[in-house]
There are 2 protein chains.
Amino acid sequence: MAGDNVAPSVIWMRSARGARGPQPSHDRQGIARVAIEIADREGIDAVSMRRIATAIGSGTSSLYRYFARKDDLLNLMVDGALGSGDFSPSGDWRADLGTIAAATRETFLAHRWMVTALAGRPTLGPNRLKRLESTLGLLEEHGLSARERLVLIDTLISYVRGFVASEIADDIAIEASGLSAEQWRADQEAYIASIVSSGAYPRTIGLFEESRRLNGSTLQDQGFAAGLNLILDGIAAKLSRAG
Amino acid sequence: MAGDNVAPSVIWMRSARGARGPQPSHDRQGIARVAIEIADREGIDAVSMRRIATAIGSGTSSLYRYFARKDDLLNLMVDGALGSGDFSPSGDWRADLGTIAAATRETFLAHRWMVTALAGRPTLGPNRLKRLESTLGLLEEHGLSARERLVLIDTLISYVRGFVASEIADDIAIEASGLSAEQWRADQEAYIASIVSSGAYPRTIGLFEESRRLNGSTLQDQGFAAGLNLILDGIAAKLSRAG
DNA sequence: AGAATATGAGAACGATGTTCGCAATAGGAA
DNA sequence: TTCCTATTGCGAACATCGTTCTCATATTCT
């Protein structure tokens with residue numbers, strides 16, 4: 001048949017415009033940028049096809065000229081929010097990895113919908129690839145294979161993702177509950193009080209009471225730094241064993 | 001006013017049945033169990049209120065006598081699938097933490113919807129609390145505070161969550177795409193080939209080609225064990241420094 | 001017995017992602 | 001230039017979703 005070449009299912013392989021018809025009014029990256037702004041400002045649930053269409057001044061169904069499914073748009077949003085991730089190695093691998101970890105955490109905190117959107121999404125977009133490539137440049141000259149280096153870096157990034165996930169879980173739950181932050185916290189407080197008064201979970205209760213006495217964000221910062229150092233120590237042990 | 005006591009917003013605080021009316025035909029845990037089975041078998045997207053209602057043989061709107069929102073049902077599903085997590089410490093902390101990490105990974109692999117459902121969900125259900133409490137019993141007698149022990153364990157669990165998330169991301173994407181696994185992999189292959197032929201990302205390309213030569217699941221197992229040992233090494237360093 | 005209150009469920013509402021069909025547009029071929 | 005064909009934009013419609021309303025029914029307390 002003549003028209004055998006269909007549009008590829010991988011979004012990154014679809015060409016920007018067709019050879020024949022009118023010039024498209026928008027482009028995929030631009031639409032994704034608008035969607036990211038909406039998600040940052042109003043939460044991921046506000047990102048509906050109709051909402052995006054209104055924001056860029058087009059009809060809703062026109063979006064399907066750019067994305068076969070909403071999922072493709074989300075792929076572009078995730079990769080777009082990831083950013084280019086340019087960074088220049090300082091030569092001090094420990095400092096470099098700390099910088100990468102902190103930057104990744106900042107990205108997730110700046111776009112709090114990303115932790116949710118990233119779940120179950122194997123992103124291989126340009127930005128992700130760029131990050132991977134530049135990160136693999138680290139830890140060379142320690143006698144490790146590329147795969148071994150990837151394991152080290154993946155372990156670190158997995159930790160960052162997991163940490164931020166629990167760090168922002170409360171905020172997301174509040175947003176989704178529709179309750180005010182005060183009301184939500186009051187309800188939570190009552191629940192925890194009921195756990196405490198139950199007498200079970202003695203060790204956990206100690207943590208609850210300790211947490212109440214400390215400032216939330218500095219507690220998170222300290223926890224993040226502690227876990228980060230833990231993993232960096234593990235990497236250091238690996239490197240000294242290999243080198 | 002007399003009717004001032006409304007149902008608490010935290011699902012775990014709502015009583016099983018009211019004081020006056022007929023006996024409920026179902027219970028929350030049972031409904032959650034059915035929902036878990038559907039999610040395990042047909043994916044999380046198949047878990048709609050109508051689908052659950054049909055499965056337990058009730059009307060759709062009746063579910064709202066048990067859960068104020070679908071989100072509450074998801075909370076119970078997550079906590080239910082977590083399981084009691086009973087385990088008896090062996091005295092060898094390294095072996096114990098390895099067991100916990102492996103068991104957590106198994107849980108996530110057995111209920112692949114959990115990684116997605118857990119995103120942005122601060123679960124404090126009974127099973128989660130039981131797990132936390134028993135896990136905090138580990139690493140005592142090393143001169144660490146409860147919070148310090150929590151940081152160590154949280155770091156480990158964060159890693160497990162992050163690792164499994166990327167481990168199953170492909171499977172979830174295939175399921176959501178509607179494509180056959182073969183078609184999806186063929187498309188992915190074509191995309192990667194286009195990256196390779198682009199000449200960019202030389203380090204990343206090496207990894208792709210290496211991955212193709214190895215068996216997928218043993219590769220995952222090895223990667224998991226490697227990252228796990230990395231973190232356990234970090235914990236060991238921390239313990240020797242503290243003790 | 002009667003009052004009070006919880007349960008079960010059919011019908012309906014608003015919102016969502018997506019598809020269909022058609023008019024308008026613009027590049028390639030004659 | 002002229003016709004053909006592929007492509008865009010989009011209004012309307014569809015199936016499905018979570019959720020609410022309302023009311024008959026069932027049970028327990030006074």
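All heavy atoms count here, side chains included; hydrogens, waters and symmetry mates do not. These numbers come from a predicted model, not from an experiment. Naming convention: chains lettered A, B, ... in sequence-line order (proteins, then strands); numbering from 1 in each chain.
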B:Met49 side chain: which of D:dG9, D:dT19, D:dT27 is closest?
-> D:dT19

For B:Ala19, which contact category applies under a 4.0 Å heavy-atom criterion: base, sugar-phosphate, or nothing?
-> sugar-phosphate

Look at all strands and tell whether B:Phe67 reaches a base, only sugar-phosphate, or nothing, counting heavy atoms closer than 4.0 Å.
-> nothing

Quick note, A:Ser61 side chain, CB onward, closest among D:dT7, C:dA9, D:dA12 is D:dA12

Considering just the side-chain nitrogens and oxygens of A:Ser58, establish if one lies under 4.0 Å of OP1 or OP2 belonging to D:dG9.
-> no

Nucleotide D:dG18, atom C1' - distance to CD1 of B:Ile52 in whole Å | 11 Å

Carboxylate-amine/guanidinium contact B:Arg105 B:Asp221, below 4.0 Å = yes

In whole angstroms, the gap separating P of C:dA12 from OH of B:Tyr64 amounts to 18 Å

Ionic contact status for B:Asp71 with B:Arg121, cut-off 4.0 Å = yes

Between D:dT19 atom C1' and B:Lys70 atom NZ, what is the distance in whole Å?
-> 12 Å

Closest-nucleotide 5' rank along DNA chain D - winner of B:Ala68 and B:Asp45 = B:Asp45

Out of C:dG8, C:dG17, D:dT27, which nucleotide sits closest to the side chain of A:Ser48?
-> C:dG17

Starting from C1' on D:dC17, measure out to CZ on B:Arg51 and report it in whole angstrom.
-> 15 Å

What is the distance, rounded to the nearest whole Å, between atom CZ of B:Arg20 and atom P of D:dA26?
-> 18 Å

Atom CG of A:Leu63 and atom P of C:dT18 are separated, to the nearest Å, by 11 Å

Between C:dT18 (P) and A:Leu73 (CG): distance, integer Å | 10 Å

Under 4.0 Å between any heavy atoms, over every strand shown, what does A:Arg69 touch: base, sugar-phosphate, or nothing? Just pick one.
-> sugar-phosphate

Are B:Arg28 and B:Arg14 side-chain neighbours, meaning at least one heavy-atom pair lies under 4.5 Å?
-> yes

Neighbour count above 12 (heavy atom, 6.0 Å) for B:Asp45 CG = no

To the nearest angstrom, the CZ-P distance between A:Arg50 and C:dT18 comes to 11 Å

Answer yes or no: side-chain N or O of A:Arg65 and base N or O of D:dG9 forming a donor-acceptor pair under 3.5 Å.
-> yes

So, for A:Phe224 and A:Phe163, is the gap between ring centers shorter than 6.0 Å?
-> yes

